[in-house]
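All remarks here apply to the structure that follows.
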Number of protein chains: 2
Amino acid sequence: MDYNYNQEDKALVAVDCIIFGFDEDDLKLLLIKRGFEPEMGKWSLMGGFLKKNETLDEAANRVLQTLTGLDEVYMEQLYGFSKIDRDPVERTISVAYYALININDHNPKLLDQHSAQWFSIGDIPPLIFDHHEMLNKALRRLRRRTSTNPVGFELLPKKFTMRQLQKLYEVILDEELDKRNFQKKIKQLDVLVKLKEKDMTSSRKGSFLYEFDKEKYEKKVSDGFTFKM
Amino acid sequence: MDYNYNQEDKALVAVDCIIFGFDEDDLKLLLIKRGFEPEMGKWSLMGGFLKKNETLDEAANRVLQTLTGLDEVYMEQLYGFSKIDRDPVERTISVAYYALININDHNPKLLDQHSAQWFSIGDIPPLIFDHHEMLNKALRRLRRRTSTNPVGFELLPKKFTMRQLQKLYEVILDEELDKRNFQKKIKQLDVLVKLKEKDMTSSRKGSFLYEFDKEKYEKKVSDGFTFKM
DNA sequence: TCAAAAGTGTTCCCGCTACACCCATGT
DNA sequence: ACATGGGTGTAGCGGGAACACTTTTGA
């Protein structure tokens, strides 16, 4: 008594990537100008269809790499979107992923090829389909994650200043933070390494650079530690 | 220059439901004995294929209703599972949902029809495919949700005792809680109504019954309140 | 010497935790 | 009268929030 799978409807399955970057003091989103109908010329998240021989994670990584040239990027599956007419051409289920990249790392040529552009999170143009809904979910998730996991560092260069890190938290959480309390909090988590180097571009005095110590963090986690900002 | 959607691979899309219930002092999971190949006779989450004209949410609700007879149940989309061979018969993407039901409400006849049975969460039999992974994700999500949203009440009868509520939190969070601190905490949230009635089945003295005041909760939320246990 | 950002400590308060005894009732 | 579960208060501690001045150095 086998069940006949053939009687079931199949659907197109896509992935869409909400790609976040952080530049100076703004959280940014990478969008492409759609090069085909429907909605040609409008702004859109970067997406692609799931292929027979790849998982959703693989598809999302492929899509991200196609646009940025980057591999080994922090990505997380967000949610499955399935409104019947979300894509007017054909029934398509889309699984959204969000990615956190260091905005200086990507390949600018690839961006041009896809007519892609960074937008400040406070200044997003109209997007096609349900992409705004995806973005909102991604933002909420990002807020939660940065509060409970050390994922913020994915958006920064390897070496960063306290100021940059604080600003990052401020734009993600959308609230101002007290400098002293912020430093106290992050330092007592004891997962940063203070370098001897200073960044001299931001002030005459210069500010010390820090690195996230991933090994230390993971060791602490396995001892029951939980990151909490 | 239309893009040709037809060149893309289609896939079967399914939903699987992690159905939680709470009985006396155990968190329980509703499983069915699979009536068809592959893996006929093994235990499985209740699932079904997505149809052309329904969303994932609708499919999950249909599947839940088929098994329990219940409608308007708390459900939440969990995660999309997509390993290539997760279903050995054919490539199937499955989107998992979890549901919280009052275990006394369901229709026992329907359970029989599907050879379904409740299992204590500490005593789950081997499951087919990646259903254990789904369950683990659901449990982690449920823990977080009950800590930050008043979803626990979905698992209880409309009227419940403090004892029941505390026990519920204990089995979900998998830790013992102090009776006094628990009452203090939940009472200061100020979203319960203490009834005049007592439940006389649990002790000679009897214990007061409470109801969750959803309207009050929602009013408070719109004033900036956040539930936190 | 001044402008501009970096760096640094203390106090107060609230919320969480730990903890033990009396109450009501049916048998 | 006793056994069973129901119900209640307080003290101490720790972590988060508020808050302002000094330092460095290039121009």
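Only a predicted model underlies this, so the values are computations on that prediction, with no experimental measurement involved. In what follows, chains are A, B, ... by sequence order, proteins preceding strands, each numbered from 1.
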Problem set entry | B:Thr161 versus B:Asp199, side-chain donor and acceptor atoms under 3.5 Å |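 No, no side-chain donor-acceptor contact under 3.5 Å.
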Could you tell me how far apart [X] ([atom1]) and [N] ([atom2]) are, to the nearest whole angstrom?
{"X": "A:Phe160", "N": "C:dA6", "atom1": "CZ", "atom2": "C1'", "answer": "16 Å"}
{"X": "A:Phe182", "N": "C:dA6", "atom1": "CZ", "atom2": "P", "answer": "13 Å"}
{"X": "B:Glu175", "N": "C:dC16", "atom1": "CD", "atom2": "P", "answer": "14 Å"}
{"X": "A:Met162", "N": "C:dT8", "atom1": "CE", "atom2": "P", "answer": "9 Å"}

Problem set entry | Short side-chain N/O contact to C:dC16 OP1/OP2 from B:Gln188, under 4.0 Å |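 For B:Gln188, the contact criterion (side-chain N or O under 4.0 Å from OP1 or OP2 of C:dC16) is met.
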Exercise. Any side-chain N or O of A:Arg163 less than 4.0 Å from the OP1 or OP2 oxygen of C:dA6?
Worked result: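 A:Arg163 to C:dA6 OP1/OP2: side-chain N or O found under 4.0 Å.
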For this session: Give me the one residue out of B:Phe22, B:Phe182, B:Phe160 that meets ring-ring contact (aromatic ring centres under 6.0 Å, His included) with B:Tyr169.
Result: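 Running ring-ring contact (aromatic ring centres under 6.0 Å, His included) over B:Phe22, B:Phe182, B:Phe160 with B:Tyr169 returns exactly one hit, B:Phe182.
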For this session: Between protein and nucleotides 18-27 of chain C, map the contacts as a letter string: B base, S sugar-phosphate only, - none, heavy atoms under 4.0 Å, written 5' to 3'.
Result: BBB--BBBBS
Exercise. Between A:Asp178 and A:Arg180, is a salt bridge (Lys or Arg N to Asp or Glu O under 4.0 Å) present by the stated rule, with each step listed?
Worked result: CA-CA 6 Å; A:Asp178 180 86; A:Arg180 287 160 289 187; 3.6 Å; yes
For this session: Provide the start and end nucleotides, 5' to 3', of the part of DNA chain D that has atoms under 4.0 Å from heavy atoms of chain A.
Result: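 The contacted stretch runs from D:dG16 to D:dA27.
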Exercise. Given B:Leu168 and B:Ile172, is the side chain to side chain contact (heavy atoms under 4.5 Å, CB included) satisfied, shown in steps?
Worked result: CA-CA 6 Å; B:Leu168 175 66; B:Ile172 290 177; 3.8 Å; yes
Exercise. Between A:Phe81 and A:Tyr79, is the ring centre distance below 6.0 Å?
Worked result: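 Judged by ring-centre distance (under 6.0 Å), A:Phe81 and A:Tyr79 do meet the cut-off.
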Exercise. Is it the case that B:Lys194 places NZ or CZ above or below the six-membered ring of B:Tyr210, under 6.0 angstrom from the centre and within 45 degrees of the axis?
Worked result: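 No, B:Lys194 does not sit over the ring of B:Tyr210.
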For this session: Quick one: label B:Lys187 by what it contacts on the DNA or RNA (base, sugar-phosphate, nothing), any heavy atom closer than 4.0 Å.
Result: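 If one applies the 4.0 Å heavy-atom cut-off, B:Lys187 turns out to touch the sugar-phosphate alone, with no base involved.
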Problem set entry | Flag, side chain of A:Gln77 to backbone of A:Asp57, donor-acceptor distance under 3.5 Å |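 No, A:Gln77 side chain to A:Asp57 backbone: no donor-acceptor pair under 3.5 Å.
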Exercise. Considering all heavy atoms of both residues, which atom of B:Cys17 and which atom of B:Leu64 are nearest to each other, and what is their separation?
Worked result: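 Of all heavy-atom pairs spanning B:Cys17 and B:Leu64, the closest is SG-N, 4.5 Å.
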